[in-house]
Amino acid sequence: MSENNNEKEIKKDWSMKELGEIDQNNLLGFFALLLKVDRRINPHLYGNIGNTSNTNQAE
């Protein structure tokens, strides 16, 4: 069994280009969700930047 594990090539580098469209959207959505959670838990790290879509609408 250990021979099978040694034969498998471990790929260390990857690119978004290698992922399908759905996988790319899932990955980006996951990081967007992490950012939302982090902004809620640590608002002092983000200052008063606010939502960029609201600032663009005001102009």
Side-chain angles (χ1 to χ4, degrees):
M1 288 191 159
S2 62
E3 292 177 14
N4 291 338
N5 291 338
N6 292 338
E7 291 176 4
K8 292 181 182 178
E9 184 179 327
I10 298 175
K11 190 171 184 181
K12 294 181 182 179
D13 296 331
W14 59 276
S15 172
M16 287 282 292
K17 295 176 185 176
E18 296 175 0
L19 299 175
E21 184 179 352
I22 294 173
D23 294 330
Q24 287 179 359
N25 289 336
N26 288 342
L27 186 62
L28 293 175
F30 174 71
F31 282 110
L33 183 61
L34 284 178
L35 186 59
K36 270 187 183 180
V37 170
D38 191 51
R39 283 185 177 188
R40 186 170 185 161
I41 293 173
N42 301 311
H44 60 281
L45 296 177
Y46 296 94
N48 292 329
I49 295 172
N51 191 352
T52 57
S53 62
N54 289 341
T55 57
N56 291 338
Q57 290 174 356
E59 291 178 4

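Treat the numbers as computed from the prediction; the structure is a model and nothing was measured.
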Hey, can you pull the donor-acceptor pairs under 3.5 Å for the side chains in residues 20-28, sequence neighbours left out?
residue : atom : partner : partner atom : Å
Gln24   : NE2  : Met16   : O            : 2.6
Gln24   : NE2  : Leu19   : O            : 3.4
Asn25   : ND2  : Glu21   : O            : 3.4
Asn26   : ND2  : Ile22   : O            : 3.4

Should Leu45 and Leu35 be regarded as members of a common hydrophobic cluster, given that ILVMFWY residues are connected when their side-chain heavy atoms come within less than 4.5 Å of each other, either directly or indirectly?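 Yes, same cluster.
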Within the structure provided, determine whether Lys36 and Asp38 are in side-chain contact (heavy-atom separation under 4.5 Å).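 In short, these two side chains do not touch, never coming nearer than 4.5 Å.
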